[in-house]
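Only one structure is covered here, and it is reproduced in the block below.
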There are 2 protein chains.
Amino acid sequence: MATSRPTVKNDRSLYYDGVPRVPESHLAARRDQIIDAATARFAANGFQATGMADVIAASGLSAGAVYRYFRSKDELIAAIVERVVGEAAARFEVLLQQDPVPDPAGAVATAVGMVADVAGRGPVDLTRVAVQAWGEALRNPEVHTVVDRTYRAIRGFFVEVVRRGQEAGTIPADADPQHLAATMLSAVLGFLLQRLLLGDLDPAAYTAALRVPWVAPSSAATPGSAG
Amino acid sequence: MATSRPTVKNDRSLYYDGVPRVPESHLAARRDQIIDAATARFAANGFQATGMADVIAASGLSAGAVYRYFRSKDELIAAIVERVVGEAAARFEVLLQQDPVPDPAGAVATAVGMVADVAGRGPVDLTRVAVQAWGEALRNPEVHTVVDRTYRAIRGFFVEVVRRGQEAGTIPADADPQHLAATMLSAVLGFLLQRLLLGDLDPAAYTAALRVPWVAPSSAATPGSAG
DNA sequence: ACCGGGTAAGCGAACGGTCCTTCGTTTTGG
DNA sequence: CCAAAACGAAGGACCGTTCGCTTACCCGGT
């Protein structure tokens, strides 16, 4: 019982210390092939309502091949969620690399433009996957961890935009950056969701509406002066 | 072949025109009992990942009893989505019945308060069901119809708030009510989503942030005067 | 330049389990 | 007494996953 026989199933080097049989790029390409096909099916039908048979058929591979690259359906789902929300975060990060960093309304406008762009590009609308990921995050702890970490990072970008604005004096210094960033993120997520559920929202008109002063101008919030 | 024999399965009056065997209120109560139990399970685990066996056990009834009240799982899902988003719409409608109708930031603040309230009240967080309903709407046409109609109505309430503000002169007359209402709805939906995914957001601080002027005060949008 | 050895990549039928739903039966209550 | 209400075992389809097998490829030796 339980000798020191190594469990070699995953560790190729214990078996054979030569170079891989096929180039690493080929393996990555196959993995992407599976992820792309699965993303399309999950975008159309949701994670749980889509069967692996559907994913496998769409990938053009066999069940055995798919399960060589992903140990389970849950692992595949986690990989897809990580890719989709991770790419979103990467796109939003460029907001901070602009010089000068835009003001909050400008940052949201740029982010909304990115959402509209990614929704229309390619055969699969990744914003649909994002909505499915929200639902999945509420029931799958691993997915929730990924979504929590990534969306918190995105909100952190907006916090930084607010801080820069406060340094520049265009935003009241006593405003709460964390919650102001939350309202900015809401504007982006709300655009994404309304576009999917209620039909096309015009990004230009939507972002223009963000700049409309909607508090009564008489009483509240003297912005720059009168600190 | 196809005689005129009536298909009596659902029409009780063709069978028996007397009084019902049990009071109508009892039937409605049983229906609610099923919906309540199913709502709890769907809130915890999503629509598609939750089995009918789970719903049936939670309801305290048998499979046959549940299927007497709902023809299928999809019909049960549709009934739950209709109830949850319908109740949300009913709550938001009172915004218009206040006198005077609040300004946009005030309307959003009230709506956010309602979301936070309904999320904390009762054993089931209905905002979780709302997120699941968004995902379901993307794959189930009947659910999509319900969600589209109801959320469009909610947005219509915000449009009305904007119109009243424009009449009162507190909102620029050339602002687009439709898209301004969309940003208001985004603020509410974004609060709901961030509260669930990223942890507790403080409703008071969030709504306070909504009133922070976030456009550069120097160049853009001279609000009331000097139009 | 060619070839055979051996391993990883890929295949797909089959498996146990779970799914939604049905229906013959039992219980209930007016 | 009898129809409606409720029951719950069973049906048949489909689920995610496995595993014995075939195919294809790289490598070392000739």
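Bear in mind the structure is a predicted one, so any value in this text is a computation, not a measurement.
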Verify the contact: side-chain N or O of A:Arg68 to OP1 or OP2 of C:dC11, cut-off strictly under 4.0 Å; return yes or no. no
When you measure from the side chain of A:Tyr67, which nucleotide among C:dT21, D:dT17, D:dA5 comes out closest? D:dT17
Only counting residues at least two apart or in another chain, list the ones meeting ring pair (Phe, Tyr, Trp, His ring centres under 6.0 Å) with A:Phe158. none
Residues in side-chain contact (heavy atoms from CB on, under 4.5 Å) contact with B:Ala153, at least two apart in sequence or another chain: none
Under 4.0 Å, counting only non-hydrogen atoms across every strand here, what does A:Ser59 touch: a base, just sugar-phosphate, or nothing? nothing
Do B:Gln48 and B:Gln132 have a side chain donor and acceptor closer than 3.5 Å? no
Picking from C:dC11, D:dT18, D:dA9, the nucleotide nearest the side-chain atoms of A:Ala63 would be D:dT18
Crowding at CD, A:Glu160 (>12 non-hydrogen neighbours, <6.0 Å): yes
For A:Arg163, is the CZ atom crowded, meaning more than 12 foreign heavy atoms sit under 6.0 Å from it? no
Nearest 0.5 Å, what's the CG-NE2 distance between A:Leu196 and B:His144? 8.5 Å
State the OH-CG distance between A:Tyr67 and A:Leu61, to the nearest 0.5 angstrom. 13.5 Å
Value in whole Å for how far the C1' atom of D:dA6 lies from CD of B:Gln33: 12 Å
Which of these nucleotides, D:dG8, D:dG16, C:dG10, is closest to any side-chain atom of A:Ser62? C:dG10
Interatomic distance where CZ belongs to B:Phe70 and C1' belongs to C:dC20 [whole Å]: 16 Å
Assign B:Tyr69 to base, sugar-phosphate, or nothing according to its heavy-atom contacts below 4.0 angstrom with the strands shown. sugar-phosphate
Starting from C1' on D:dG16, measure out to CZ on A:Phe42 and report it in whole angstrom. 12 Å
Hey, does A:Gly64 reach any base, or is it just sugar-phosphate, or nothing, if we go heavy atoms under 4.0 Å? base
Is it the case that the ring center of A:Phe191 lies less than 6.0 angstrom away from the ring center of A:Tyr206? yes
Gap between atoms CZ and P, on B:Arg30 and D:dA4 respectively (whole Å): 17 Å
What's the closest nucleotide to the side chain of B:Leu27 if the choices are C:dG10, D:dT17, D:dA5? D:dA5
Please produce a list of atom pairs where a protein N or O lies less than 3.5 Å from an N or O of nucleotides 26-28 of chain C.
none

Using the side-chain heavy atoms of B:Leu61, tell me which of these nucleotides is nearest: D:dG16, C:dT21, D:dC7. D:dC7
Starting at atom CZ of B:Arg41, determine the distance to atom C1' of C:dC20, rounded to an integer number of angstrom. 17 Å
Between C:dT21, C:dG10, D:dC7, which nucleotide gets closest to the side-chain atoms of A:His26? C:dG10
Within this structure, what is the CZ-to-C1' distance between A:Arg31 and C:dG10, rounded to whole angstrom? 17 Å
In this structure, how many angstroms lie between the C1' atom of D:dG12 and the CE atom of B:Met52, rounded? 17 Å
Once you round it to whole Å, what is the distance between C1' of C:dT22 and NZ of B:Lys73? 17 Å
